[in-house]
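Counting starts at 1 for both ligands and their atoms, in listed order.
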Amino acid sequence: MTYMKRLLTGTVAALALALPAAATEYRIAVGDGAGGTQEALGKAFIAALEEESGGEMTGKLFLNGQLGDEQDTVTAAATGTLDFSILAINNITPFSPSVGTLTLPYVILSQEDAETLTQGEIGQQMIEQTIEDAGVRIIGWGYSGFRVLTNSKKPVSTVEDLKGLVIRVPKNEIMIETYKSWGINPTPMAWGETFAALQQKVVDGQDNPYMTVYAMKFDEVQKYVTDLHYIFSIEPLIVSEAMFESLSEEEQAQVLAAGEAATQASAQFLRDQEAKIREELIARGMEISEPADGEKEFMELATSAVWPKFYDQIGGKEVLDNVLTSLGREPA
Ligand code: MLT
């Protein structure tokens, strides 16, 4: 054995002694930075996974899109080159249009609506559909709150005020059409490019929940906030279906139980943190405007123009009607 080989073998043996016996560490991609809902969901999942598996399974979070842009992580998980990813649901919709029902404007009107839909029968149907369409399994649901509009130029409280603003949206047809219904052409852009685009003023604004604005430090490059409620952001934790299928039944049950625990922790995290984070953003100099007239104009334009355009993609009008009636509302 050469000196180099002996040295390497010795180093590997020393490292092996320092590691916990047989713990499998999974890579978990996270689109956002530290301090937001995605990180909280990921931490809760890892803690529960370690507990459920008696320390045999654990995970490592890679924040800020280190393992790829959110939409790219869906492809990576589907092909089995990535284990888990935490991302906004709007970045899954292009791969599985059925989940688009959850990003149609003004369908989810409260955190309770979001929890009812995702944790009930409708969420279960979406899990099955996403496995079929996209090769990934949703095992946990994160809740981030309503996507508020931010911009660097002026206070916005009416649809008219939007004129002249260049707004970044995810590459998501429903969101693009929503802004069109409000009279402007938004700029579709990957999540990972958004901070730089705001900083360099390639775009004037974007929308995301307070928790995300904070985690991404958007307050450094954005001044005005409009308290819109058009989409309640849901942040699923997905696992590669190929990887999941390769686990034993016992391990699969442990992963699912950890996902369920993370879901509950995420809902509580939002309830505890959102109001504080909003205050913190005000303290850092952000100015918040309420939409005029109880948001009526935003809502009427978006629901009348956008919902019918996506009936086919989401599997028919009856799919939306089922969602609305399960929330105790009138069908569309
Ligand atoms: C997006 O705007 O692309 C996403 O909502 C970002 C996120 O996951 O927070």
Side-chain angles (χ1 to χ4, degrees), residues 28-43 45 61-77 82 84-96 99-100 102-105 108 114 118 136 138 140-151 166-179 186-199 202-219 221-222 225-226 228-238 262 266 269-270 273-274 277 281:
I28 307 175
V30 181
D32 295 352
T37 311
Q38 293 188 354
E39 185 196 38
L41 178 74
K43 283 181 169 171
F45 175 68
L61 301 180
F62 293 83
L63 299 174
N64 279 312
Q66 285 172 71
L67 297 186
D69 210 77
E70 289 197 0
Q71 292 194 4
D72 297 336
T73 66
V74 180
T75 316
L82 174 67
F84 294 90
S85 177
I86 300 174
L87 71 170
I89 193 139
N90 47 272
N91 287 328
I92 299 185
T93 319
F95 305 93
S96 187
V99 297
L102 301 182
T103 50
L104 282 176
I108 296 178
T118 51
V136 298
I138 298 169
W141 302 96
Y143 306 100
S144 281
F146 287 103
R147 295 179 74 105
V148 297
L149 174 69
T150 69
N151 85 88
V166 181
I167 302 294
R168 173 269 171 184
V169 288
K171 295 177 187 170
N172 175 300
E173 285 302 321
I174 293 176
M175 296 170 78
I176 295 168
E177 288 302 324
T178 302
Y179 277 89
T187 304
M189 184 184 285
W191 181 226
E193 293 162 22
T194 305
F195 185 92
L198 293 168
Q199 190 174 41
V202 175
V203 293
D204 302 315
Q206 62 85 46
D207 69 58
N208 258 294
Y210 283 113
M211 305 301 295
T212 312
V213 171
Y214 173 78
M216 300 306 291
K217 301 188 170 50
F218 281 175
D219 53 286
V221 289
Q222 299 279 269
V225 179
T226 311
L228 289 183
H229 301 81
Y230 85 112
I231 293 178
F232 183 99
S233 190
I234 293 170
E235 320 266 353
L237 163 61
I238 59 171
S266 173
F269 180 78
L270 185 64
Q273 295 300 320
E274 192 178 31
I277 294 296
L281 291 170

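- Ile231 pairs by the side chain to side chain contact (heavy atoms under 4.5 Å, CB included) definition with Thr103, Arg147, Met175, not counting sequence neighbours.
- Protein neighbours of ligand 1 below 4.0 Å, counting non-hydrogen atoms: Asp32, Gln38, Glu70, Ala88, Asn90, Asn91, Arg147, Arg168, Pro170, Trp191, Asn208, Thr212, Glu235.
- Side chain of Ser266 to backbone of Tyr143: a donor-acceptor contact under 3.5 angstrom is found.
- Taking Ala262 as the reference, Leu41, Ala44, Phe45 meet the side chain to side chain contact (heavy atoms under 4.5 Å, CB included) condition, with sequence neighbours excluded.
- The aromatic rings of Tyr230 and Tyr179 sit perpendicular, their planes meeting at an angle over 60°, well past the 30° parallel limit.
- In this structure, Gln38 contributes its side chain and Gly31 its backbone to a donor-acceptor pair below 3.5 Å.
- Annotation: side chain to side chain contact (heavy atoms under 4.5 Å, CB included) contacts of Val203 (sequence neighbours excluded): Val166, Arg168, Thr187, Met189, Ala197, Leu198.
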